[in-house]
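Quick notes on the structure that follows.
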Amino acid sequence: QSSEETSGQSEYNLRSPICCIMGHVDTGKTKLLDCIRGTNVQEGEAGGITQQIGATYFPAENIRERTKELKPDANLNVPGLLVIDTPGHESFTNLRSRGSGLCDVAILVVDIMHGLERQTIESLNLLKMRNTNFVIALNKVDRLYGWKVCHNASIVKAMKQQSKDVQFEFRTRLTQVITEFKEQGINTELYYKNKDMGKGTFSIVPTSAISAEGIPDLLLLLVQWTAKTMSERLTYSNIVQCTVLEVKVVEGHGTTIDVILVNGVLHEGDSIVVCGMHGPIVTSIRALLTPFPMKELRVKGSYEHHREIKASQGIKINAQGLEHAIAGTSLYIVGPDDDVEDIKEAAMEDMRSVMSRVDKCGEGVYVQASTLGSLEALLEFLKTPEVSIPVSGIGIGNVHKKDVMKASVMLEKRKEYATILAFDVRATQEAQELADEVGVKIYTADIIYHLFDQFKAYIDNLKEEKKKEVAEEVVFPCMLKIVPNCVFNKKDPIVLGVEVLEGIAKVGTPICIRQCLVDIGRIASIKNNGKPVDSAKKGQKVSIKIIGSNTEEQQKMFGRHFDIEDELVSKISRRSIDILKAEFRKDLSVEDWKLVVILKALFKIQ
Ligand code: GDP
């Protein structure tokens, strides 16, 4: 099998579009991929589907065969479709080149019974960030109550077979999903009704990954639409465009890199440069490998060697010195007229651009990920306003002792940032032991938002603890007016009816007389309509009991030291303001903060 057969050029000289499957967990991404490629498994690779490294290749003839009922003799214009095998964020984020996506198109899978979920939105954000086009597979239509199975049928045909009730449920759920996309700022429409495709309205294809309704529609749409709207992008070129998907040790081959060749041709013996952890790696291709076609797969782990391979293809490359190569970066070819120094520079650019996202102020968490692409996506996520977690350092690969050492620097500055967020990698035992010893937290997860949830829970917990610690010392600002005829006890304890003019009156707050700044004690209890409460807001009328903390305060008396026209205020200090700012910033409104400023002036606090 030559590379010509698997990726032969079409008469229009376009390469095969590269497609990635994304979506929330359990929406059916894996099943959908199986369904697209699986029908012919028994017959080996009948229909020309070939398993490649990290991807499955569907030749145009296969797609034409499967969509002939929908549209006989469809003009496909591309040699085939290359679908990346690992669905989800990781492979998508890896297929990058200088911040833009190498995937030409993505399938965003949404479960029709669940609508948009958290990772759907995460995927949407990644797609937006990389400017990647996508179609939505509204999957699991067979779960609609009373669905009549129509294997491999086009969705229009399948829908005609359904009862009124099924059609009604379908429309209701579809409308709901369309609304949910709108809430994300995205217009969507059933693909066969979408007149605006590619101009801002995204297409929805209802599918079942179990009984394959809608699969012909999905395939045809993907291929025809990409060929039509992306002809420039898909034009075959001799300039090599190639991304490292994974760095892997393979028995008998040493460290290899799995790459997706997006454009151009690779040859055995080519001089290449890849981005490495410790600088650019210059080496030459020792072997270009692909798996044997399924029917020939006799010995596990053996590969077919190629002299040259043409895009688009998933390939394993064997070369020396690849141990520290970084997944998610571009592979460069050194041509006869190229200056290798320029290319080394270009190869490291990926790393530099991600490095530049680290916060310059030097305070923040340490972030570790499996690949440059996932690191970039994680940094992007941490930067969003809703999350907003600063990052002081980054690393790629498993968490080692040296990473813990780096993260531990924060123990002195900001304890909560002495944290490693490890995405899709693990911590070595020594690293974990050291972390436990010095007090660095390591969180590992393979879903971005799980990391965020863990970290947020940790931060919230720290905040609560800190709040408890300083609860004794914190003073909330308040200004109180004594209500006439509501002086219940003049002295020791003072019990008064008051109206909260400004701020928040809280149990525990030290109170002083505004006009003469004489201390009269702390609020020991508050009653609202006879019921004890912890605090009272602006506008509320409550009764408060004030108990002096020392004999001097205990002697203060209504009618002698203060009177009905006197106002009462919280006695604040420099320290209490600092605690308010550090731990209770969000508990105070803008107005409350204005009162702090007034009180600060009143007490002449610097
Ligand atoms: P992934 O996590 O997105 O890769 O989801 P999977 O492909 O592993 O599917 C999750 C579960 O949903 C599995 O139990 C599948 O059998 C089931 N599933 C996937 N697609 C469909 C579908 O179209 N219809 C039905 N009824 N079940 C499906």
Side-chain angles (χ1 to χ4, degrees), residues 18 20 52-55 82 84-86 88-104 126 130 239-250 253-268 270-291 303 306 309-334 340 343-355 368-378 394-398 423-425:
I18 297 171
C20 188
Q52 300 187 345
I53 296 291
L82 194 71
I84 303 298
D85 273 347
T86 21
H89 291 9
E90 291 79 50
S91 52
F92 179 79
T93 52
N94 274 348
L95 282 167
R96 59 183 286 292
S97 167
R98 279 169 232 106
S100 86
L102 283 191
C103 266
D104 300 302
L126 286 172
R130 294 281 156 80
I239 298 167
V240 168
Q241 204 182 347
C242 184
T243 297
V244 181
L245 260 193
E246 236 182 303
V247 183
K248 261 191 201 160
V249 178
V250 177
H253 292 279
T255 305
T256 64
I257 50 175
D258 291 354
V259 303
I260 297 289
L261 179 60
V262 180
N263 227 330
V265 187
L266 290 181
H267 309 86
E268 218 178 62
D270 276 350
S271 260
I272 57 171
V273 182
V274 274
C275 177
M277 212 87 80
H278 314 301
I281 301 166
V282 184
T283 181
S284 63
I285 298 178
R286 198 192 283 152
L288 286 171
L289 307 166
T290 63
Y303 295 97
H306 300 261
I309 290 186
K310 197 167 187 177
S312 314
Q313 275 249 38
I315 311 159
K316 186 181 277 303
I317 292 179
N318 184 351
Q320 237 160 5
L322 292 175
E323 290 73 22
H324 299 293
I326 299 176
T329 57
S330 299
L331 177 147
Y332 291 82
I333 296 285
V334 188
V340 73
I343 300 201
K344 276 156 82 173
E345 185 86 1
M348 293 310 287
E349 192 46 51
D350 279 344
M351 186 75 181
R352 260 194 297 277
S353 76
V354 174
M355 283 290 198
Q368 188 94 11
S370 54
T371 71
L372 195 66
S374 52
L375 181 63
E376 191 178 34
L378 186 53
I394 55 173
I396 289 171
N398 287 336
F423 180 49
D424 198 25
V425 289

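All figures in this text were calculated on a predicted structure; none of them were measured in a lab. Just so you know, these numbers use all the heavy atoms, side chains as well, and skip hydrogens, waters and symmetry mates.
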Query raised in the report: For Ser284, which residues count as a side-chain contact (heavy atoms from CB on, under 4.5 Å) partner, sequence neighbours excluded?
Result: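 side-chain contact (heavy atoms from CB on, under 4.5 Å) check on Ser284 returns nothing, list empty.
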Query - Check against side-chain contact (heavy atoms from CB on, under 4.5 Å), Ile317 and Leu331 - result: CA-CA 11 Å; Ile317 292 179; Leu331 177 147; 3.8 Å; yes
Measuring from atom [atom1] of [X] to atom [atom2] of [Y], what distance do you get when rounded to the nearest 0.5 angstrom?
X      : Y      : atom1 : atom2 : answer
His253 : Leu322 : NE2   : CG    : 13.0 Å
His267 : Leu288 : NE2   : CG    : 9.0 Å
Glu345 : Tyr332 : CD    : OH    : 11.0 Å
Thr371 : Asp424 : OG1   : CG    : 7.5 Å
Thr329 : Leu372 : OG1   : CG    : 6.5 Å
Phe423 : Ile396 : CZ    : CD1   : 12.5 Å

Determine yes or no for a side-chain-to-main-chain donor-acceptor pair under 3.5 angstrom, with [X] supplying the side chain and [Y] the backbone.
X      : Y      : answer
Thr256 : Lys248 : yes
Asp350 : Ser330 : yes
Glu268 : Ile285 : no

Report task. In sequence, state the C-alpha distance, the side-chain angles, and the governing distance for Thr255 and Val247, and then conclude on side-chain contact (heavy atoms from CB on, under 4.5 Å). Result -> CA-CA 7 Å; Thr255 305; Val247 183; 3.7 Å; yes
Requested in this report: Please name the residue in the list Leu266, Leu289, Leu245 that meets the side chain to side chain contact (heavy atoms under 4.5 Å, CB included) test with Ile315.
Outcome: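 Answer after filtering Leu266, Leu289, Leu245: Leu266.
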Report task. Mind running side-chain contact (heavy atoms from CB on, under 4.5 Å) on Glu323 and His278 for me, showing each step along the way? Result -> CA-CA 10 Å; Glu323 290 73 22; His278 314 301; over 6 Å; no
For a quick test of reading the model, state the closest non-hydrogen atom pair linking [X] to [Y] and the distance between them.
X      : Y      : answer
Ile326 : Met351 : CD1-SD, 3.5 Å
Ala55  : Ile260 : CB-CD1, 4.2 Å
Ala319 : Thr283 : CB-OG1, 3.7 Å
Lys316 : Asp258 : NZ-OD1, 2.7 Å
Leu261 : Ile309 : CD2-O, 3.4 Å
Ile281 : Gly321 : CG2-O, 3.2 Å

Query raised in the report: Does CD in Gln320 sit with more than 12 non-hydrogen atoms of other residues, nucleotides or ligands closer than 6.0 Å?
Result: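 For Gln320, atom CD is not crowded (no more than 12 foreign heavy atoms under 6.0 Å).
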Report task. Give the C-alpha distance, both sets of side-chain angles, the deciding distance and a yes or no for side-chain contact (heavy atoms from CB on, under 4.5 Å) between Val250 and Tyr303. Result -> CA-CA 11 Å; Val250 177; Tyr303 295 97; 4.2 Å; yes
Query raised in the report: Are Ile239 and Asn263 close enough that some pair of their side-chain heavy atoms sits under 4.5 Å apart?
Result: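 When only atoms from C-beta onward are counted, Asn263 and Ile239 do not touch, as no gap falls below 4.5 Å.
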